[in-house]
Amino acid sequence: MSDLFDILLSVSFWAAAIRIASPLIFATMGELICERAGVLNLGIEGIMVIGAFAGWMAVYLGAPLWLGVTAAMAAGMLFGLLHATLTVPFGLSQHVVGLGVTMLATATSYFVYRLALPEVTSPPKITPFAPMDLPVLSDIPFLGPVLFQQTALTWAALICAGLVGFVLFRTPLGLAVRAAGENPAAVEAQGLSVTGLRMGAVVVGSGLMAVGGSFLTLSAFSSFFFEMVNGRGWICIALVVFGAWRPGKAVLGALLFAAFDALQIRLQQTPLGAHLPYQVFLMAPYLLSILALILMSRRAEVPAALMVPYRKGER
Amino acid sequence: MRLDPIAAPPLSRQIGLPALALVATLLVAMALALIAGADPLATLGLIAKGAFGSKFAALETLNRATPLIFTGLAVAVAFRAKLWNIGAEAQLYAGAIVAVLLGTGALGAPLVLPVSALAAMLAGALVLLGPVVLKTRLGVDEVVTTLLLNFVMLLFVSYLLEGPMKDPMGMGWPKSPALIKEARLPRIVDGLRLHWGFALALIAAVVVWVIQSRTTLGFEMRAVGQNREAARFAGMPVNVVLVKTALLSGGLAALAGWSEVAGLKGHLSSDLSPGFGYTGIIVAMLALLHPLSVVLSALFVAAIFVGSDSMSRAAGVPTYIADMLLATALLFMVLALMLTRYRVVWK
């Protein structure tokens, strides 16, 4: 028990929680935008892989870190455009297309990686984003290391979540996007294009998912390896539901989830960890996501037109 | 752009468009080979040769197709009822675990094979039952829960192989002890490396086809898939149908793992399945969810995988070309299917 308190009071635990939450925040915001517009994007897992890969590859080839982030975003938007084209104007099954996009984006990453680096046995490293060193702020006890010694990409994630919340709920564009996911016929009656809004949302959302993926290679691990995304995309879909399709709640969910994840890693080092097989701890994030879905199932305010393709003039 | 429904699509459209999707996939294959600096036509030739070029290659393809027929059937059955079972991977491992549990001495001949096969199906069915009950009772989306359970199951297998199910003679490798001889599926023909799992997969395809086309359950599954509300309105027990579908689907996926352990490998290791559960989705979609076509589609997919492995060693094009091709084929195929029923009007 005292181990638990030691962990919860440690600076490194809270710093780790925010670090672990960062890629999830980007990708959850991306998925949230798509679903608010009425499109379930199961391409998220693969789009995070291609983001992790494209960002890393660009930096490995000599690009500055922020150009790497941009490359990841561009790659994600490209696959988002594929997803959007097939699901919005063509109205194909969002389940099947999403899984197909995940498979295609993942396979493309692995194919290009092997093509570019056929011989490597241990994944090459890049110099990732360094922790920020702000005058005064970084030196505050506790808060300094937890908040102000994170990398710039973590701050970008938090700012991104704020922006997504602002645009979705405080601007006419956000209103139109949300309406496209609630009542597309009304949007069309206003003279706006449901197809355009939905496609735009999926492309932008996919860009954010890919940036979330690039956090793994450019800020967290410094190299690209296979299966590094490891279900994070699916967890983000659960986080959108847990956050009731609201950016603020989804960010809180991501932080809560990340705190549990940081906790399970640290609990493995305690006497409790010696008693339980380590796989039990590694299962926790996935089981927790399922639990979150069950808890929210009764209260979920699903966008009314989620997964319903829109065809002009049809009712 | 507008989509106009076609009242009665002509046969040329129904066959031509899916065929076109496959041709387009081959073109993508050639483009990828070109990007990788290889001769496009030679690459296709090497893939075909690697899949069917020798007796050994052809048998390898049939062996690889076996688990894919099972997972393809599992997905086809579920998707037809619009039950999104993306957890065939977890159900496959459930079947594999049972094969080891009952096949390492707990039961002897002649009981061990039939009992462990049935128990494996039951285990796979139970793995899918959880998400389906969550769906029917609480409305929890089964896509995400089945996906997440795949990761849980892989960790559970890893725990078993490093703990209670570890082979004491395994030199430290995380693998299970070998199955006893009586628990192994024999080869169909002596001397040829092809086990009875393949024959069982063919039988399963026929059985599923009979269920789908000749029984009330099959009719109900189709009705629930086409329009859940209408089926409910017509007095069908929609949730019961979904649960029955899940039991069938989970059981079929479990047979994939069971036959890999009992037929091919003889033991369980955590690399038993290179994603057979996920590939089952491609197999099922390429087969247009038809159980008999699943066999052909699984052979095609297996040929691409086996052929690409062999081609990769010879021509140096990364073997992941197979995964790219199959994902492309999947997307082209769903597009082609829609276009058989709708005409695109540009204006």
Side-chain angles (χ1 to χ4, degrees), chain A residues 40 42 45-46 82-83 85-86 89-93 95-115 118 195 230-231 233-235 237-238 241 277-290 293-294 296-298 300 302 309 311-314, chain B residues 1-3 32 35-37 79 82 84 86 130-131 134 137-141 143-145 147-160 162-163 275 278-279 281-282 285 312 316-335 337-339 342 344:
Chain A
L40 173 74
L42 291 181
E45 179 83 5
L82 175 66
H83 187 291
T85 309
L86 292 175
F90 285 115
L92 299 179
S93 158
H95 286 108
V96 178
V97 169
L99 292 167
V101 167
T102 277
M103 292 177 192
L104 186 61
T106 307
T108 306
S109 311
Y110 294 179
F111 181 80
V112 179
Y113 181 83
R114 271 283 164 257
L115 205 56
T195 306
N230 207 11
W234 313 131
I235 287 170
I237 293 189
V241 179
Y278 70 92
Q279 288 94 348
V280 171
F281 294 98
L282 293 180
M283 278 178 196
Y286 307 109
L287 292 175
L288 210 62
S289 303
I290 293 177
L293 287 173
I294 295 171
M296 295 309 289
S297 62
R298 289 284 182 218
V302 192
R311 297 216 174 92
K312 224 180 276 190
E314 262 181 36
Chain B
M1 191 195 106
R2 201 179 72 227
L3 297 173
L32 289 174
I35 291 171
F79 278 24
K82 293 247 164 66
W84 303 105
I86 326 288
L134 284 180
R137 284 291 159 103
L138 298 170
V140 179
D141 185 31
V143 176
V144 192
T145 48
L147 272 167
L148 290 168
L149 278 181
N150 289 339
F151 293 86
V152 176
M153 183 57 102
L154 265 172
L155 285 164
F156 181 61
V157 168
S158 146
Y159 156 70
L160 286 178
E162 290 176 21
Y278 300 100
T279 310
I281 298 168
I282 298 178
M285 291 311 296
S312 178
V317 179
T319 174
Y320 295 103
I321 191 174
D323 302 83
M324 286 189 75
L325 285 186
L326 293 172
T328 313
L330 169 72
L331 293 175
F332 279 146
M333 191 55 88
V334 279
L335 185 61
L337 278 185
M338 188 274 291
L339 291 177
Y342 291 92
V344 178

Engaged part of [X] at the chain A interface, taking heavy atoms whose separation is under 4.5 Å:
{"X": "B/Ile321", "value": "both"}
{"X": "B/Ile281", "value": "side chain"}
{"X": "B/Val152", "value": "both"}
{"X": "B/Leu32", "value": "both"}
{"X": "B/Leu330", "value": "side chain"}
{"X": "B/Ile35", "value": "both"}
{"X": "B/Met285", "value": "side chain"}

*asked:* Could you tell me if the side chain of A/Ile294 sits less than 4.5 Å from the side chain of B/Leu138, heavy atoms only?
replied: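 The answer is yes, as the side chains (C-beta and beyond) meet within the 4.5 Å cut-off.
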
*Side chain to side chain, B/Phe156 and A/Gln279, heavy atoms closer than 4.5 Å*: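 No; the side chains remain at least 4.5 Å from each other.
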
What pair of heavy atoms forms the shortest contact from [X] to [Y], and how long is it?
{"X": "B/Met338", "Y": "A/Phe90", "result": "CE-CD2, 3.3 Å"}
{"X": "B/Phe151", "Y": "A/Gly231", "result": "CZ-CA, 3.4 Å"}
{"X": "A/Ile290", "Y": "B/Leu148", "result": "CG1-CD1, 3.8 Å"}
{"X": "B/Ala36", "Y": "A/Leu115", "result": "CB-CD1, 3.5 Å"}
{"X": "B/Ala327", "Y": "A/Gly100", "result": "CB-O, 3.9 Å"}

To the nearest 0.5 Å, tell me how far [X] [atom1] sits from [Y] [atom2].
{"X": "B/Met324", "Y": "A/Leu104", "atom1": "CE", "atom2": "CG", "value": "5.5 Å"}
{"X": "B/Thr319", "Y": "A/Tyr110", "atom1": "OG1", "atom2": "OH", "value": "13.5 Å"}
{"X": "A/Leu287", "Y": "B/Leu149", "atom1": "CG", "atom2": "CG", "value": "7.5 Å"}
{"X": "B/Trp84", "Y": "A/Leu42", "atom1": "CH2", "atom2": "CG", "value": "9.5 Å"}

_Looking only at heavy atoms and a cut-off of under 4.5 Å, which of A/Leu40, A/Val97, A/Leu92, A/Ile237 has the most pairs with chain B?_
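Sorted descending by pairs with chain B, the first entry is A/Leu92.
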
*When heavy-atom pairs shorter than 4.5 Å are enumerated against chain B, which of A/Pro285, A/Pro277, A/Ala105 gives the highest number?*
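Of A/Pro285, A/Pro277, A/Ala105, A/Pro277 has the most heavy-atom pairs under 4.5 Å with chain B.
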
*Quick one: do A/Phe111 and B/Tyr320 satisfy ring pair (Phe, Tyr, Trp, His ring centres under 6.0 Å)? Show the steps, please.*
CA-CA 5 Å; A/Phe111 181 80; B/Tyr320 295 103; 8.2 Å; no

*Find the one option among B/Thr328, B/Asp323, B/Leu326, B/Leu147 whose heavy-atom pairs under 4.5 Å with chain A are most numerous.*
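Ranked by heavy-atom pairs under 4.5 Å with chain A, first place is B/Leu147.
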
*When heavy-atom pairs shorter than 4.5 Å are enumerated against chain A, which of B/Leu337, B/Leu325, B/Val143 gives the highest number?*
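Looking at each option in turn, the highest pair count goes to B/Val143.
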
_Pair B/Ser158, A/Tyr278 - check side chain to side chain contact (heavy atoms under 4.5 Å, CB included), show working._
CA-CA 10 Å; B/Ser158 146; A/Tyr278 70 92; 3.8 Å; yes

*asked:* Given heavy-atom pairs under 4.5 angstrom as the criterion, report whether the side chain, backbone, both or neither of A/Ser93 touches chain B.
replied: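 Looking at A/Ser93, just its side chain touches chain B.
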
